Amino acid sequence: MDRVIGIDLGTTNSCVAIVEGGVPKVIPNKGGYKTTPSIVGISDSGRRFVGQMAKRQAITNARHTVYAAKRLIGRKWASSEVQHGLETVPFELVRGPHDDVRIKLRDKVYSIPEISSIILQEMRVVAEDYLSEEVAKAVITVPAYFNDAQRQATKDAGRIAGLDVLRIINEPTAAALAYGFGRDDLEARIAIYDLGGGTFDISILEINQGVFDVLSTGGDTYLGGEDFDARIIEWLVYEFAAEHNVDLRRDEMALQRMKDAAEKAKCELSAMQETEINLPFIYTQEDGEALHLQRTLSRARLEDLVEDLVHRTVKICDQTLKEAGLTVDAIDDVILVGGMTRMPRVQQVVAEYFGREPSKNVHPDEVVALGAAIQAHALIDEEAEVLLLDVTPHDLGIGVYGGGVQVLIERNSTVPVSRSHIFTTVKDSQTSVKILVVQGESSKAHENDLLGEFVLTGLRRAPAGEVEIEVTFEISADGIVSVAARDLETGLAQSITVTATSGLEEEEILAMIEENQDYLVQTRESEEVEQHRAEIRRTIREVERLLPTVRDVMQGSTLGKDALRKAEDALSRAREALEGRNPEHIIASSEALSRTYTVFQGIVERMQ
């Protein structure tokens, strides 16, 4: 059976998990951490840094280090989120050839799916190192409120990372799977409150003996821990400007230092009442005088700074409950997901709204990856008794005459689903109709996402309103949207399968796949060489330790002199190999020295 991993591709941190022996478990990275920062950096030599290494060099390399790429994935250049990013992020955003957003690092322009693929590839390597075998299949999670373009962009990122993405599932749904795992008799209505680094989701589910039925979902794909950090940064900038009349936002390194300090302070204030933010030499004036930033931030002050953000989540919860046709009294348990739910004020507001203390049964950073692994296992194991009934997060409909929208499939409809509606022509002698497929909640077609369009031709010439056309929308369990239009009088039909786009052409994706694969091979080769280097250093120490004893034993023997000469040669070649960069030389020297050590060890053992 092929191994399938579950990946939580997070805004701030990412996590990978697998089901082993029927039990889901998170796989730690090389540093022993169960989560990896979703950060990518490119050094001035072109070297790629991912995760903790990228985070460590971010302050000195802010212009070429990307964080929170998930907030930009699948978005158009003109979107408010991208325009906000232009003003706030230290790395350079550029307009892509398909009106998408891209990032310039050093002398290369990267698409957002490409940046995300680097993080996914790191998660794949973490899993492969743990399993000691290749992994090619995955289930990846996304915020429940992601639209089709954002989901497709995430899927493209998986492809570029060399993964066959079996399914994209919603993060709150994944958390519910982990919450209900192993509790076959569980019957409950639960609310998953998911406040992560970049997005907020709320999903209401009904769990009934292994069936997970999503009743409604809501969210904001631009509301999360990054916004909480931004409020602290704004406060620091204002305080510093008031004291020194200097705007620190113009200095990229100062901005990155404040970002790191803001995140650290926010985390500390989940356990403490106040914390010190101390950034010496934050700015140097024209006369050479160095300025320092030192402020005390209290938990109460932080809560004042972010109170409106916390209450934005409550409004979304309220709307989502109404759409499920429920009140807070009907909820049996509330599950907190995402690092921001560690904030005491968030926990307090959630408890006040739902009238109960949230459950402490799940790990907020790991539960989504565990749920993805459970779903991954269920897709390949016929005996797995998990039935997931998810919903579509946005309205789907067609643009109608006058610029309006006729919704055919309402948001929170359980998939798979099919809906039909009969339209009539709006002009006399009209022989064709253009079908515009849109996704979104606006009543104006142009304010929604255009998923696709097609034309039904050959209609009978007749007065307006006389020719009837039936339009049918269908969404499969995998979220594939199909739209068909049929002239009820003649049976003439036309249809399309709506394929969301991430802004990348197929040729671009294939080129990125090849480049990523080449990079992975080079990385693995360099890792193998470094392992041999370490082995050479260790073996040199061991051979040098045994050498005096072996000389004493073999003194005067012709055979012994020959063996000692070969050993000296092997030591000399090994030292030369360590100073050089030839991989073949390093590997050959390592193997030769290991043979010498084995011989020496045998001689010493025979003496004892």
Side-chain angles (χ1 to χ4, degrees), residues 74-76 78-79 98-100 144-153 168 216-219 221 319 323 390-503:
R75 296 192 188 275
K76 293 294 185 183
S79 69
H98 310 293
D99 202 35
D100 57 326
Y145 218 57
F146 258 20
N147 62 27
D148 272 25
Q150 291 169 306
R151 291 168 190 269
Q152 185 59 48
I168 296 286
S216 65
T217 193
T221 56
Q319 181 62 31
E323 290 173 359
D390 219 328
V391 298
T392 179
H394 298 282
D395 289 341
L396 281 166
I398 68 168
V400 295
Y401 185 70
V405 175
Q406 174 64 53
V407 175
L408 272 76
I409 297 179
E410 294 182 345
R411 61 187 297 245
N412 293 319
S413 296
T414 302
V415 293
V417 62
S418 178
R419 295 279 191 275
S420 297
H421 189 83
I422 295 174
F423 297 87
T424 61
T425 52
V426 294
K427 293 179 181 178
D428 293 338
S429 303
Q430 185 175 346
T431 59
S432 66
V433 291
K434 179 185 280 189
I435 309 294
L436 300 177
V437 183
V438 297
Q439 179 183 51
E441 280 63 60
S442 176
S443 60
K444 298 176 182 177
H446 73 275
E447 293 180 353
N448 293 306
D449 294 315
L450 177 63
L451 299 186
E453 59 183 83
F454 64 99
V455 178
L456 177 63
T457 59
L459 301 179
R460 175 173 63 87
R461 292 182 181 275
E466 194 170 300
V467 177
E468 294 184 325
I469 300 136
E470 182 183 52
V471 176
T472 301
F473 270 47
E474 187 173 322
I475 306 177
S476 71
D478 291 324
I480 304 299
V481 179
S482 301
V483 184
R486 183 170 64 95
D487 182 342
L488 290 180
E489 184 178 3
T490 64
L492 188 71
Q494 181 63 269
S495 65
I496 61 166
T497 298
V498 177
T499 304
T501 176
S502 64

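Note that the coordinates shown come from a computational prediction; the quantities given were computed from them, not determined experimentally.
Of all the heavy atoms in Glu470 and Leu488, the pair that sits closest is CB-CD2, 3.8 Å. Minimum heavy-atom separation, Pro393 to Ala144: CB-O, 3.0 Å. The nearest pair of heavy atoms linking Lys427 to Tyr401 is CE-CE1, 4.2 Å. The minimum heavy-atom distance between Ser476 and Val415, with the atom names listed, is O-CB, 4.0 Å. Here the closest non-hydrogen pair linking Leu492 and Leu456 is O-CD1, 4.0 Å. When all heavy atoms of Arg460 and Asp487 are compared, the closest pair comes out as N-OD2, 4.5 Å.
You'll find the side chain of Arg461 reaches within 4.5 Å of the side chain of Thr431, heavy atoms only. Between Phe423 and Val433, every side-chain heavy-atom pair lies at or beyond the 4.5 Å cut-off. Residues Thr490 and Leu459 have side chains not in contact (no heavy-atom distance under 4.5 Å, counting atoms from C-beta outward). Leu396 places a side-chain heavy atom less than 4.5 Å from the side chain of Leu451. Side-chain contact between Thr217 and Asn412 is present, with heavy atoms from C-beta onward closer than 4.5 Å. Contact check for Asp148 versus Asp449: no side-chain heavy atoms found under the 4.5 Å cut-off. At least one side-chain heavy atom of Val405 sits less than 4.5 Å from a side-chain heavy atom of Val438. Looking at heavy atoms from C-beta onward, Ser495 lies out of side-chain contact with Glu474 at the 4.5 angstrom threshold.
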**OP:** Run the numbers on Ser442 and Glu447 for side-chain hydrogen bond (donor to acceptor under 3.5 Å, both in side chains), then give the verdict.
**Re:** CA-CA 6 Å; Ser442 176; Glu447 293 180 353; 2.6 Å; yes
**OP:** Apply side chain to side chain contact (heavy atoms under 4.5 Å, CB included) to the pair Gln150 and Arg75, showing each step before the final yes or no.
**Re:** CA-CA 7 Å; Gln150 291 169 306; Arg75 296 192 188 275; 3.6 Å; yes
**OP:** Starting from the C-alpha separation in whole Å, work towards a yes-or-no answer on side chain to side chain contact (heavy atoms under 4.5 Å, CB included) for Val471 and His421.
**Re:** CA-CA 5 Å; Val471 176; His421 189 83; 5.5 Å; no
**OP:** Start with the C-alpha gap between Glu453 and Leu436, add the side-chain angles, then the distance that decides, and say whether side chain to side chain contact (heavy atoms under 4.5 Å, CB included) holds.
**Re:** CA-CA 5 Å; Glu453 59 183 83; Leu436 300 177; 3.6 Å; yes
**OP:** Given side chain to side chain contact (heavy atoms under 4.5 Å, CB included), test Phe146 with Ile168 step by step and report yes or no.
**Re:** CA-CA 11 Å; Phe146 258 20; Ile168 296 286; over 6 Å; no
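Between Glu410 and Arg419 there is no salt bridge, since no side-chain N of the basic residue sits under 4.0 Å from a carboxylate O of the acidic one.
Remark: Glu441 CD to His394 NE2 distance equals 6.0 Å, nearest 0.5 Å. Annotation: the span from Ile475 atom CD1 to Asp390 atom CG amounts to 11.0 Å, rounded to 0.5 Å. In this structure, CZ on Arg411 lies 9.5 Å from OG1 on Thr392, to the nearest 0.5 angstrom. Between the OG atom of Ser432 and the CD atom of Gln430 there is a distance of 6.5 Å, given to the nearest 0.5 Å. Here the OG1-CD1 distance, from Thr472 to Ile409, works out to 9.5 Å after rounding to the nearest 0.5 Å. Here Ile398 contributes atom CD1 and Lys434 contributes atom NZ; the two are 13.0 Å apart, rounded to the nearest 0.5 Å.
At least one donor-acceptor pair under 3.5 Å links the side chain of Asp428 to the backbone N or O of Ala464. A donor-acceptor contact shorter than 3.5 Å links the side chain of Thr425 to the backbone of Gly465.
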